[in-house]
Each structure stands twice: as structure tokens, then as C-alpha cells.
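Here the structure is laid out as C-alpha cells; the discussion comes afterwards.
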Amino acid sequence: MTDRELLEAAARAAGRSGEAEKIEFDMGFWNPLESDADAFRLMVELRLEVHCDSRFDEDGEIFACVISQCGNHMAFGSSDDDPKDATRLAIVRCAAALAQTPST
């Protein structure tokens, strides 16, 4: 999935419609892949649990794990050197997975 597709799916999961880059949020455009504040809002709105592991793996990457409150979805993010990048990516990936789940 491209970044744009991830953002659009995350926007759907959060109840926002339209293309992600056209979604205005507070004083700018909504982009939880780049904005800590947008990622935090998304995490809270979707009641996601974040587990950060700032240790490096054998390839030198940092990992973060995000789990949906119901535990049905889990996503990972990684970064070469920034745990915040890894965490934002994991949040958006988990939100996108929630958007793909059919409603019951």
C-alpha cells in the first residue's frame, strides 16, 4: 500500500471522508505519517495501544507495534533511526487495517 492509500484508509477508519491530503485538521492538513499530533489524535480516536521498542534489531532498525483495542489488528512500523517515525507508521498501518475490516 502506498503512503497515500494508507492515509486514505486511516482517514476512513477515523470517520473522515475524502482524500487524505484534502482533509484539513486544525491549522493544516492531516498527515499522521509526518505529524506526531495527527498520529496521536488518530491513536486516541481509534483507541489503539502503542508498544514502542526503541532497541535496534540486527539490521539497525527501530520497531514499534500498535494493537487495536479489540486486539483484532496489529501493525508494525520500523525506522532506521527514529522511534517516532516507526510509531507513526505503525499507528497509520493499524488504522488502515481497521478500515479494511467489514462492519458487522
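In this text, all values refer to a predicted model and were calculated from it rather than measured experimentally.
Rounded to the nearest 0.5 Å, atoms CG (Asp3) and CD (Glu34) are 8.0 Å apart. Separation of atoms CZ (Arg41) and CG (Asp36) is listed at 11.0 Å; rounding is to 0.5 Å. The CG atom of Leu6 lies 7.0 Å from the CG atom of Leu89; values are rounded to the nearest 0.5 Å.
Minimum interatomic distance between Arg88 and Leu33 (heavy atoms only, all atoms of both residues): NE-O, 2.9 Å. When all heavy atoms of Leu46 and Ala13 are compared, the closest pair comes out as CD2-O, 3.3 Å.
Using modelled atom types, no side-chain atom of Ser35 and backbone atom of Asn31 make a donor-acceptor pair closer than 3.5 Å.
Listed by chain and residue number, Trp30, Leu42, Val92, Ala95 satisfy the side-chain contact (heavy atoms from CB on, under 4.5 Å) test with Ala10 (two or more places apart in sequence, or in another chain). Remark: Glu5 pairs with Met1, Thr2 by the side-chain contact (heavy atoms from CB on, under 4.5 Å) rule, at least two apart or across chains.
Taking the charged nitrogens against the carboxylate oxygens, Glu8 and Arg12 have no contact shorter than 4.0 Å, which rules out a salt bridge.
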